[in-house]
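Step one of this worksheet: look at the structure below.
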Amino acid sequence: MKMKTLDGEQLDLPQDVVDGLKSRLRGPVLTPADAGYEDARTVWNAMIDRRPALVVRCLGTADVVECVRLARERNLLLCIKGGGHNIAGLAVADGALMLDMSLMRGVWVDPRERVARAQAGCVLGDVDRETQLHGLASVMGFVSLTGITGLTLGGGIGYLTRRWGWTSDNVGGMDVVTADGRLVRASTDDNADLFWALRGGGGNFGVVTGIDYVLHRLGPEMVGGVVAWPASEAPKVLDLYRTLAQSAPPELTLVALMRPAPPAPWLPRERHGTPIVALLACYTGDPGEGEKAVTPIKSFGKPIGDVIVRRPYAQMQSLLDATPPEGRRSYWKSEYLPRIEPGLTEAVMREAAKIRSPHSAVILFQLDGALNRLGPDHSAVGNRDARYLLNIAGSWERPDDDAANIEWARNAWREMRRFSTGGTYINFLTEDDGAERTEAALGGSLERLAQVKSRWDPQNFFRTNRNIRPA
Ligand SMILES: Cc1cc2nc3c(=O)[nH]c(=O)nc-3n(C[C@H](O)[C@H](O)[C@H](O)COP(=O)(O)OP(=O)(O)OC[C@H]3O[C@@H](n4cnc5c(N)ncnc54)[C@H](O)[C@@H]3O)c2cc1C
């Protein structure tokens, strides 16, 4: 079996070694000739087309330990796939031994302790589904099919961020297989340096096999959804967004976006493909208060569609699932913003008008609130000054359209970058974002992260990520 080493060289792994590994695992091992290999190597962004030499679909922590030990012994390049949603495709590497964690999707909820223990292959919806049975929730992201582990290791933002911070602020502990093949616990009481680094510093320090999430009482009913207007209304709608967001309580999260209207059933057919401006609102406190909070949005101008209603929280969490489906080509640029300025909203309108595909969007996520409260000592995630996140999200279908769409996203980014805090979101970085963008994302945490790396992974075994080299 031809494999790649950590040094980028070719190595012929003898068949008896592969057979030996198979015999020690519970989960299946796939080579390029096996059914299921193509599915396992495929990630959300169709721009990524890489071929690991061997895929192990882990069925438990012991499978992970076996693979890490073999990779260390043979100097093999290792990569780890969770939900496969990383836009840069960090989960897959050519010639590597790939751990596919997606069969490990158990979630156990302890309602008394308010903790959910989730296996590392879960997607966000797995956790929401089980925790909502108890009227509880943790901070997950906006699209329920995203993997929990990649999201949490890079921070994680969603509708609950303003109330309870980053997803990674809501982690009580993690189980981790380290570079020397040991299973360790990371929490404030156990290996606190590792725990600090894992919350924002990415998959640089080990293979996470389980995450404990702190839960909060929430729902199941809340008020949320989206309202859309023609793009001609954007000056007034974005101004409304700016004003409402400034005074919104932590229970209310608002997202503004401009894009061609998707073919959604709640939008009139004749509007599909025409430019729109939309506001997403999610109020997770008392539904009666929520209805009052969203009235200024629902009663504003003449919307072409309005689906802000009382609905179950778990439904709100999957409301956006259909708009960015797996298998499209994607290229993003993102910046954290300290505020929404008139100059920025003008640029959003100008750049949205130049969108080259029916699927692309310019999005403003509201953050702020609890995200801004903790200090840098809490965890590596940083960017506690972020109040909004700008995402220039290029999305299209045909490889022939790559150049035009990438050019659009880059130009739009150049125009809007000046409004940034200087920080960017590590989980939204693309394949061509280099070390300086990792630096912008991790800023003040980099030095300390390098020290933790020296302690836990001095040979830089975990390197197919936003890599931090040992100090
Ligand atoms: C449609 C879409 C919606 C999104 N929405 C949000 C959102 O609302 N909020 C938000 O914060 N982010 C969001 N993201 C970004 C998302 O957080 C990142 O893409 C994240 O990396 C996805 O994690 P994953 O497990 O799905 O990815 P993968 O591609 O599987 O992995 C990403 C990285 O994490 C590492 N990793 C995965 N599992 C493990 C493990 N068990 N142990 C160690 N390392 C591991 C991988 O090696 C890789 O480096 C979204 C992305 C997409 C494409």
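The chain is numbered in sequence order, starting from 1. Atoms within a ligand are numbered from 1 in the order they appear, just like the ligands themselves.
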What atoms of ligand 1 come within less than 4.0 Å of a heavy atom belonging to Leu153? 43 (C), 44 (N), 45 (C)
For the residue pair Tyr159 and Phe142, does the interplanar ring angle fall in the parallel (under 30°), tilted (30 to 60°) or perpendicular (over 60°) class? perpendicular
Asp432 with Arg437: basic N within carboxylate O range, under 4.0 Å: no
Which atom names give the shortest non-hydrogen contact between Arg384 and Ser379, and what distance separates them? NH2-OG, 3.3 Å
What is the closest protein heavy atom to atom 28 (P) of ligand 1, and at what distance does it sit? Gly84 N, 3.4 Å
Identify, by atom number and element, the atoms of ligand 1 in contact range of Tyr425, meaning under 4.0 Å from any of its heavy atoms. 10 (C), 11 (O), 12 (N)
In this structure, atom 43 (C) of ligand 1 is nearest to the protein heavy atom Gly206 O, 3.4 Å
Relative to atom 9 (N) of ligand 1, which among Val64, Val43, Ile48, Ile157 owns the nearest non-hydrogen atom? Ile157
Mind checking whether Val207 has an N or O less than 3.5 Å away from an N or O of ligand 1? no
Go through ligand 1 atom by atom and flag the ones less than 4.0 Å from a non-hydrogen atom of Phe428. 12 (N), 13 (C), 14 (N), 15 (C)
Show which atoms of ligand 1 fall inside a sub-4.0 Å distance from at least one heavy-atom site of Gly141. 7 (C), 8 (O), 9 (N)
Residues passing the salt bridge (charged side-chain N to carboxylate O under 4.0 Å, His left out) test with Glu66, sequence neighbours excluded, are Arg24
Assess the side chains of His216 and Asn170: does a donor N or O sit below 3.5 Å from an acceptor N or O? yes
Output the distance between atom CH2 (Trp413) and atom CH2 (Trp332), rounded to the nearest 0.5 Å. 16.0 Å
Using a strict cut-off of less than 4.0 Å between a Lys/Arg side-chain nitrogen and an Asp/Glu carboxylate oxygen, indicate whether Lys333 and Asp433 qualify as a salt bridge. yes
Starting from atom 21 (O) of ligand 1, locate the nearest protein heavy atom and write down its residue, its atom name and how far away it is, to 0.1 Å. Asn86 ND2, 3.1 Å
Does Leu252 offer a backbone N or O that forms a donor-acceptor pair with the side chain of Arg162 under 3.5 Å? yes
Could you tell me which residues satisfy side-chain contact (heavy atoms from CB on, under 4.5 Å) with Asp193, sequence neighbours excluded, listed by chain and number? Asn191, Val452, Arg455, Trp456
Work out which heavy atom in Leu160 is nearest to a heavy atom in Ser138; give both atom names and the distance. CD1-O, 3.3 Å
With a 4.0 Å cut-off on heavy atoms, is Phe462 in contact with ligand 1? no
With heavy-atom distances below 4.0 Å as the criterion, list the atoms of ligand 1 near Gly203. 44 (N)
Is there any N or O on Ile80 that sits under 3.5 Å from an N or O of ligand 1? yes
Counting only nitrogen or oxygen atoms and a 3.5 angstrom limit, does Val143 reach ligand 1? no
Below the 3.5 angstrom mark, is there an N/O of Lys81, backbone or side chain, next to an N/O of ligand 1? no
In terms of atom number and element, which parts of ligand 1 are under 4.0 angstrom from non-hydrogen atoms of Gly83? 24 (P), 25 (O), 26 (O), 30 (O)
Using a 4.0 Å heavy-atom cut-off, which part of Trp332 comes near ligand 1: side chain, backbone, both, or neither? side chain
For the backbone of Gly156 and the side chain of Tyr425, can you confirm whether one donor and one acceptor N or O come within less than 3.5 Å of each other? yes
Please state whether the rings of Trp166 and Tyr336 are parallel, tilted or perpendicular, taking 30° and 60° as the class boundaries. perpendicular
Mode of Phe142 contact toward ligand 1 - side chain, backbone, both, neither (heavy atoms, under 4.0 Å): both
Heavy-atom nearest neighbour in the protein, as seen from atom 12 (N) of ligand 1, with distance rounded to 0.1 Å: Leu151 CD1, 3.4 Å
Please check whether Gly150 reaches ligand 1 - meaning an N/O of the residue sits under 3.5 Å from an N/O of the ligand, judged on distance alone. yes
How far is atom 4 (C) of ligand 1 from the closest protein heavy atom, and which atom is that? Thr146 OG1, 3.7 Å
Less than 4.0 Å between a side-chain N and a carboxylate O, is that true for Asp169 and Arg199? no
Taking the minimum heavy-atom distance to atom 26 (O) of ligand 1, which of Cys58, Gly155, Gly147, Ser168 ranks first? Gly147
Between Gln366 (side chain only) and Leu254 (backbone N and O only), is there a donor and an acceptor less than 3.5 Å apart? yes
Minimum-distance pair of heavy atoms, taken over all atoms of Cys79 and Ala93: SG-N, 3.5 Å
How close does the nearest protein non-hydrogen atom get to atom 40 (C) of ligand 1, and which residue and atom is it? Thr149 CG2, 3.4 Å
Relative to the heavy atoms of Ala91, which atoms of ligand 1 are at a distance of less than 4.0 Å? 28 (P), 29 (O), 30 (O)
Please list, in number order, the atoms of ligand 1 under 4.0 Å from a heavy atom of Pro324. 1 (C)
With a 4.0 Å cut-off on heavy atoms, is Gly154 in contact with ligand 1? no
Which heavy atom of the protein is the closest neighbour of atom 42 (N) of ligand 1, given with residue, atom name and distance? Val208 N, 2.9 Å
Below 3.5 Å, N or O to N or O, backbone or side chain included: is there any such pair between Asn465 and ligand 1? no
Give a yes or no on whether the backbone of Arg466 and the side-chain of Asn204 come within a donor-acceptor separation of less than 3.5 Å. yes
What's the shortest distance from atom 53 (C) of ligand 1 to any protein heavy atom, and which residue and atom give it? His85 O, 3.2 Å
At a 4.0 Å cut-off, with the gap strictly under it, does some heavy atom of Gly156 reach an atom of ligand 1? yes
Would you call Arg51-Asp94 a salt bridge at under 4.0 Å N-O? no
